[in-house]
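Take a look at the structure set out below.
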Amino acid sequence: MNEAAVRAEVAGWLKANWDPALGLVEWRTKLAASGWGVPHWPAQWHGRDLSDGLVPVVEEEFAKAGAIGVAKAGIRTLAAATILAHGTDMQKAKYLLRILTGEDTWCQLFSEPGSGSDVAGAVTRAEFRGNQWVVNGQKVWTTSAHKAHWGLLLARTDWDATKHRGLSYFIIDMKQPGVTVQPLRQMNGYASFNQVFLTDAIVPPEEILSSVGDGWTVTNTTLMHERRGADGLRSWASGTDGAGRAYDEERAEIATTMEPYRWYPQRAGRVDLVMPQAVASGAIDDPVVRQEIGRLLVMAKSAEWTARRARTAKEQGKPQGPEGSLGKLASSNVARMAARVHTLIAGAGALLAGPDGPADGMVAEVLLSVPATSIAGGTDEIQRNIIAERVLKMPREPSEDTKKPFRDVPRNTVS
Amino acid sequence: MNEAAVRAEVAGWLKANWDPALGLVEWRTKLAASGWGVPHWPAQWHGRDLSDGLVPVVEEEFAKAGAIGVAKAGIRTLAAATILAHGTDMQKAKYLLRILTGEDTWCQLFSEPGSGSDVAGAVTRAEFRGNQWVVNGQKVWTTSAHKAHWGLLLARTDWDATKHRGLSYFIIDMKQPGVTVQPLRQMNGYASFNQVFLTDAIVPPEEILSSVGDGWTVTNTTLMHERRGADGLRSWASGTDGAGRAYDEERAEIATTMEPYRWYPQRAGRVDLVMPQAVASGAIDDPVVRQEIGRLLVMAKSAEWTARRARTAKEQGKPQGPEGSLGKLASSNVARMAARVHTLIAGAGALLAGPDGPADGMVAEVLLSVPATSIAGGTDEIQRNIIAERVLKMPREPSEDTKKPFRDVPRNTVS
Amino acid sequence: MKFSFSPEQDEFRSNLRRFLAERSPAKEVRRLMETDAGWERDAWRRINGELGLTAVRIPEAYGGHGFGFGEQAIVLEEMGRVLLCAPYFSSAVLAAGAILNAGTDAQKAALLPGIASGAVVATLASVEDGGDWEADATRLAATRDGESWRLDGHKSFVLDGHSADLIVVLAMAPGGLSLFTVAGAADGLERRRLNSLDPTRKLARLEFRAVQAALLGAEGAAAGPFARVMAEAAVLLANEMVGGADRLREDALAYAMMRMQFGRSIAGFQSMKHKHADMLLEVELAKSAAYFAAAALDDGDGDVMATASLAKAAASEAYTQTAVHAIQIHGGIGFTWDNDTHLWFKRAKASEAMFGDAHFHRERMMQQMMGDAVMGAGS
Amino acid sequence: MKFSFSPEQDEFRSNLRRFLAERSPAKEVRRLMETDAGWERDAWRRINGELGLTAVRIPEAYGGHGFGFGEQAIVLEEMGRVLLCAPYFSSAVLAAGAILNAGTDAQKAALLPGIASGAVVATLASVEDGGDWEADATRLAATRDGESWRLDGHKSFVLDGHSADLIVVLAMAPGGLSLFTVAGAADGLERRRLNSLDPTRKLARLEFRAVQAALLGAEGAAAGPFARVMAEAAVLLANEMVGGADRLREDALAYAMMRMQFGRSIAGFQSMKHKHADMLLEVELAKSAAYFAAAALDDGDGDVMATASLAKAAASEAYTQTAVHAIQIHGGIGFTWDNDTHLWFKRAKASEAMFGDAHFHRERMMQQMMGDAVMGAGS
């Protein structure tokens with residue numbers, strides 16, 4: 001199908017079917033049946049086998065019509081991509097539609113207290129007893145685990161295999177007695193994440209993805225989609241601005257999904273607040289403050305333009321240059337410098353938080369949130385390793401843990 | 001002997017013998033015979049077996065009398081200490097006296113183009129052929145090699161032994177045809193160091209220090225004395241201010257010895273020039289410049305006080321705290337920051353060098369000399385490793401080159 | 001100038017460290033920081049009863065021990081290590097310092113013994129809403145009222161200002177900048193605890209409406225003594241800060257040594273080693289400056305104002321930088337509430353701003369030094 | 001705004017890179033930097049004859065190729081990579097820019113074809129002994145002399161000022177700031193080569209004693225065109241600088257990959273890897289700013305002055321920092337004269353200062369931006 005044909009067909013279908021008065025699930029069920037909700041998916045599974053290049057065309061028509069798309073919140077799309085790649089037909093039938101309609105929500109159970117940067121070092125154990133998997137262990141940094149119906153679980157099934165070969169990947173029912181979810185409070189007062197305690201939690205044998213021992217391969221599928229889609233969550237979060245039941249329900253869905261991310265603008269340093277704060281406080285009259293703001297803006301603007309440069313090159317179909325791998329580290333530097341500049345501008349105001357503090361406490365929140373940027377989603381150190389090894393092709397660190405049985409690998413005994 | 005007795009005896013001997021009209025060698029020969037030139041050395045070898053603690057007492061009496069001491073320039077004292085520790089009686093008889101009188105000068109042949117930070121990776125080879133050692137290879141960063149009579153040579157004598165066990169340590173005659181010395185010009189225009197090419201250079205069998213294969217032990221003796229005496233060279237360089245042949249000859253000796261170190265104040269960043277330059281140029285009126293100078297002075301003063309803190313603790317006989325190992329890294333940071341501040345103050349002046357440049361070219365010289373500080377005598381990276389491993393007891397890097405025969409160790413094929 | 005601690009001082013420090021480790025573990029800090037006052041009178045009395053820390057630098061004539069800044073710097077460094085929740089800085093540094101520098105003999109005899117024993121908790125209120133640390137920004141007005149004085153205006157960022165028994169207040173009198181003392185419970189004084197970034201150290205805003213006050217020292221004579229108190233406070237806070245920074249550094253090192261990733265201790269990774277080496281360097285340099293500045297106060301050095309600013313600037317950068325690194329070294333866990341690192345991080349950020357940030361103190365130091373440089377420029 | 005180069009531009013760049021690698025290896029740079037002029041007319045003619053680089057941005061009507069700043073930025077980035085010793089910046093950026101911005105049509109038609117062909121080497125003399133980059137620091141005086149003008153005073157830091165055939169001079173005329181053209185060989189003009197920190201780029205001091213000059217454009221109308229030329233120069237120099245920085249970075253990486261210590265490639269040490277990752281980040285960010293600023297000049301963006309300053313500030317920090325790291329990575333050998341690293345190091349330091357350092361440009365950028373911020377502060 002060429003672009004014009006796609007455009008015409010989508011527009012026609014939307015004209016005939018889109019109705020903001022529908023309930024969100026009702027509309028999305030219809031949408032999934034049509035294949036236009038995820039047109040690049042297989043026709044067999046709610047899609048239309050359309051090439052990736054034509055997806056923006058479909059999205060444009062949706063935007064023109066003001067039509068709402070399928071549910072897209074973060075972990076949900078990772079779950080779908082992973083199930084599409086590795087799931088059985090039974091799993092696809094059971095999960096994919098309810099992912100698209102937004103009826104089921106998902107969480108990711110990879111990180112553990114003892115393995116932060118080192119995901120493959122997971123020690124949560126799954127043992128096959130009788131006719132089912134019994135899972136014990138602890139997971140952390142799980143967003144929205146308290147709301148999720150299903151979890152993507154990485155667990156160790158073989159301690160005599162090497163680190164990466166002893167892992168398996170399961171879909172776990174989060175609403176069972178063996179799963180306890182506790183909020184994990186952060187230093188900035190928010191609790192965006194959860195700890196998940198798994199105590200004799202049960203997974204039926206048919207809920208493994210791929211095969212026993214193949215969990216690392218499946219995990220990489222999820223992580224790859226996570227890296228690719230890092231921006232998706234935030235851009236989607238803008239929602240659609242209209243009147244009608246579907247719009248109302250979508251806004252409520254967005255509000256719930258975005259709740260854990262409320263402090264994310266602050267952890268990014270709120271560069272946008274710097275000039276207004278400096279002007280409001282009069283600090284802008286100090287040449288030293290101007291220098292520091294200048295330094296920050298040079299870095300922030302350069303980082304922004306670097307991201308745009310990478311995006312443009314990608315759109316033009318050029319091979320990815322080094323500029324494409326630098327975003328996370330750049331953001332981290334920008335956030336850290338922004339926190340310093342906010343401190344400088346605030347002066348004594350940096351002593352205060354909440355309504356007593358500058359910008360109604362927003363500056364204090366920046367200071368206490370920024371440390372997350374250089375840690376979450378891969379520390380700065382891991383980012384530098386990745387840039388050095390993948391982009392600059394520098395030698396990898398000699399591995400000390402991947403060749404022997406995992407039970408012999410030194411690991412944390414306390415968390 | 002107690003302090004008073006030492007004081008009295010030295011004073012008496014000096015009163016009877018010190019005469020500035022003597023030639024320097026004549027005086028020092030007399031001094032060496034008396035044992036007061038190096039009183040902590042063995043009585044058998046020009047000393048008096050005096051405890052180290054009493055040496056300052058002797059030095060004070062020399063200072064009171066204005067008497068010149070034995071020759072003390074850098075490598076010479078390292079040679080003496082190494083020969084005293086590992087030399088045969090024949091070697092001691094041959095070299096020690098002429099070291100003290102200043103008749104012989106020495107150089108150190110450790111570093112090579114392929115092994116800068118990694119001294120034990122030396123590949124200069126010494127082979128025993130017929131009845132003598134034949135040496136081939138290249139050494140670098142050799143101070144005053146063109147003037148030296150003798151060299152302290154580290155060379156590989158066994159390629160099947162491990163890295164550290166295959167080395168031997170020789171005294172080599174620098175005035176032979178197999179030794180070619182070339183000045184090594186630096187980016188700042190000075191040539192303080194030399195490259196030394198060894199082409200079938202000869203070492204008689206009796207000129208080995210300790211035994212074949214024991215070179216690394218001997219090298220460590222030299223390096224330990226080098227680390228301890230890092231300050232000695234500069235403090236000694238002040239010389240004695242008096243009239244008389246001995247004084248004149250000493251001043252000439254100092255001028256020659258100190259020649260390669262002429263740019264050392266510039267490589268340290270010339271913090272002392274910062275305020276005068278800022279005042280002279282009017283840059284001091286700029287609050288941003290004041291901040292940067294302030295930042296530099298905070299660091300420079302803190303570093304100075306840290307060194308004094310370490311010295312005082314040492315004088316009080318306390319065990320060395322962490323503050324004692326930080327000097328080199330601190331100096332390096334200070335120098336780098338000083339170069340930045342000089343650039344800021346100079347403005348467009350930073351474009352110019354020589355008589356056209358600020359402070360008669362001194363600022364340009366700072367900018368082009370500072371890079372040496374973080375490299376020479378152990379790079380910043382090596383210093384950080386040392387601090388982490390020796391002071392903080394963090395784990396050592398797993399060694400990849402010390403357990404196998406050296407001929408199997410990967411190494412540089414080009415320099 | 002002293003560059004090393006005497007054996008007596010070393011012993012004092014090690015006793016104090018043991019004592020404070022026992023009395024002020026993180027659990028106790030967390031308990032007290034959730035209270036409104038941020039400290040408890042019982043615990044405060046016990047600490048003072050046993051070691052008499054508030055008395056350290058108060059002369060014996062006024063019920064103190066008569067030691068110097070060197071000793072008080074040790075006290076603060078050790079308190080900074082454990083984040084002791086107590087009104088020590090407000091009472092024994094700020095208020096005692098103001099009374100010692102500005103008060104008459106009679107006033108010292110009347111006010112200091114209570115502070116020395118810990119029975120009276122006092123503080124100093126100097127800065128106002130704008131957060132300007134310079135004395136000439138003072139707007140709070142003092143007017144004569146018969147034999148007494150009345151104060152009208154406000155103060156902010158007052159350490160333990162809502163819980164102190166006695167408040168020394170910097171005000172503008174008809175005769176110029178003056179210091180006054182006011183009872184914490186005085187009529188017309190409205191005290192509101194502020195929401196402080198650092199929950200272990202409480203701040204208050206004070207509103208004065210015709211509050212009765214007693215003049216401390218002479219009218220219009222406060223500028224000199226106040227500047228001196230601020231220099232003392234900068235030096236002693238710098239010592240407290242290097243204590244906190246050193247503790248953070250040690251804890252981060254211990255964590256790195258224990259933590260395994262990729263089958264090895266993360267302390268073995270070169271980037272971790274280099275970070276720790278740099279942290280050690282920065283903290284040790286800041287320590288030297290803090291120690292030197294305390295010794296300079298004792299020795300009555302001429303350039304003590306510049307040295308005080310230098311020490312505060314060094315400590316500000318070192319503490320914040322160490323705190324940033326410490327969280328990074330701990331990784332995700334370091335960002336959680338249950339991990340203790342953020343307690344020191346918040347103290348670091350707050351201490352950075354308290355009494356003027358590094359930017360403020362570098363400028364102040366340069367202003368002090370510039371006279372010398374102008375004279376030295378020709379040489 | 002363009003964010004990627006077109007296929008034609010990419011091809012232009014790769015041809016140019018090959019060409020310059022061949023014509024300007026380090027050996028040739030070392031040979032030319034030892035000459036008094038710092039460049040040779042023969043080599044210069046060959047380069048221009050084959051690729052017509054000086055003509056790139058000059059309109060076709062004046063003998064040029066009529067491309068934009070995007071293309072000229074590519075030329076400069078590639079020249080910066082190889083440290084080409086040629087009067088390109090002085091002639092094709094500064095002088096051509098001044099004539100394009102300030103000259104009348106007739107003057108453009110008279111002056112630009114020579115510059116476009118490379119037959120005439122021109123430069124711009126604006127700053128004086130104080131090294132103040134602001135136009136209002138201009139003291140050199142222009143006075144009317146019948147039909148012509150005479151100039152009295154001096155200029156300094158003039159790029160290729162001792163070897164240029166034609167000099168555009170910024171001067172203060174009775175009617176205000178004006179631009180003039182002067183022949184390099186004019187009577188009364190005394191030219192002295194300065195001892196430049198960067199031997200690959202020569203500077204001169206010019207003394208004007210009743211030198212005959214021709215007015216360029218209108219009397220008193222130079223402020224706008226001159227500011228624009230300085231912004232163009234900042235952007236194009238930034239592009240040259242990121243070229244040099246990227247080359248240094250690549251060479252340092254290649255050295256680290258090849259160099260063995262302790263039985264392994266030093267590129268495998270984590271601190272080396274992290275340093276290279278940071279260098280890449282800094283250089284790529286500065287590149288983005290330089291590219292964006294060049295595109296902004298072509299697109300006629302309103303805030304092009306701020307963007308130009310931003311690009312220059314970014315490039316200054318990145319180039320110097322990369323040069324410092326590059327020497328450090330090379331270790332002792334990187335500090336020697338025979339190793340090429342110092343050639344780029346010196347260019348980096350000089351470029352940092354040229355047309356105003358990062359401090360100067362950050363302040364300039366902030367001044368440009370502050371109007372917006374005041375307006376945006378309420379939102």
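Computed over heavy atoms, backbone and side chain alike; hydrogens, waters and symmetry mates excluded. Letters A, B, ... are given to chains in the order of the sequence lines, protein chains preceding strands, and every chain is numbered from 1.
Ranked by heavy-atom pairs under 4.5 Å with chain B, the first of D:G131, D:S351, D:S196 is D:S196. Among the candidates D:H330, D:R205, D:R201, D:K349, the residue making the largest number of heavy-atom pairs closer than 4.5 Å to chain B is D:K349. By number of non-hydrogen pairs under 4.5 angstrom with chain B, the leading residue of D:I266, D:L203, D:D198 is D:L203. Per-residue counts of heavy-atom pairs under 4.5 Å with chain D were compared for B:T379, B:D380, B:L367, B:T402; the largest is that of B:L367. Among B:S369, B:G347, B:A372, B:A339, the residue making the largest number of heavy-atom pairs under 4.5 Å with chain D is B:A372. Interface remark: of the candidates B:L184, B:V409, B:V288, B:V288 forms the most heavy-atom pairs closer than 4.5 Å to chain D. Per-residue heavy-atom pair counts under 4.5 Å with chain D were compared for B:V289, B:I375, B:N385, and the maximum is reached by B:I375. Note: D:L194 leads D:D132, D:L194, D:D357 in heavy-atom pairs under 4.5 Å with chain B.
Aromatic rings from B:W263 and D:F335 are positioned such that their centres are separated by under 6.0 Å. Two rings, from B:Y264 and B:Y190, have their centers 6.0 Å or more apart.
If you measure heavy-atom distances from D:R192 to chain B, the contacts under 4.5 Å come from the side chain alone. For a residue to count as touching a neighbouring chain, one of its non-hydrogen atoms must lie under 4.5 Å from one of that chain's; by this rule B:K404 does not touch chain D. Interface residue D:T336: backbone and side-chain heavy atoms are both found under 4.5 Å from chain B. With a threshold of 4.5 angstrom between heavy atoms, B:R336 approaches chain D through side-chain atoms but not through N, CA, C or O. Looking at B:E292, neither its backbone nor its side chain comes within 4.5 Å of chain D, counting heavy atoms on both sides. Interface remark: D:E352 contributes side-chain atoms only to the contact with chain B (heavy atom separation under 4.5 Å). Looking at D:F355, there are no atoms closer than 4.5 Å to chain B (heavy atoms on both sides), in backbone or side chain. Residue D:F360: no heavy atom, backbone or side chain, is found under 4.5 Å from chain B. Heavy-atom distances place both the backbone and the side chain of D:F262 under 4.5 Å from chain B.
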Exercise for review: Let me see the working for D:M241 and D:K312 under side-chain contact (heavy atoms from CB on, under 4.5 Å), right down to the final yes or no.
Suggested key: CA-CA 9 Å; D:M241 291 167 81; D:K312 176 62 168 66; 4.2 Å; yes

Exercise for review: Show the numbers, then the answer: is there a side-chain contact (heavy atoms from CB on, under 4.5 Å) between B:I345 and B:V274?
Suggested key: CA-CA 8 Å; B:I345 293 170; B:V274 163; 3.8 Å; yes

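In this structure, the separation between CH2 on B:W141 and CG on B:N194 is 11.0 Å, given to the nearest 0.5 Å. Rounded to the nearest 0.5 Å, atoms OG (B:S374) and CD (B:E381) are 7.5 Å apart.
Using a cutoff of 4.0 Å between basic side-chain nitrogens and carboxylate oxygens, D:D340 and D:R30 are scored as salt-bridged.
Both tests hold for B:R125 against B:W159: distance to the six-membered ring centre under 6.0 Å, angle to the ring axis within 45°.
Side-chain atoms of B:T373 come within 3.5 Å of backbone N or O of B:V370 as a donor-acceptor pair. Distance alone, capped at 3.5 Å, places no donor-acceptor pair between the D:H154 side chain and the D:R139 backbone.
Taking all atoms of both residues into account, the shortest heavy-atom contact from B:P113 to B:V140 is N-CG2, 3.7 Å.
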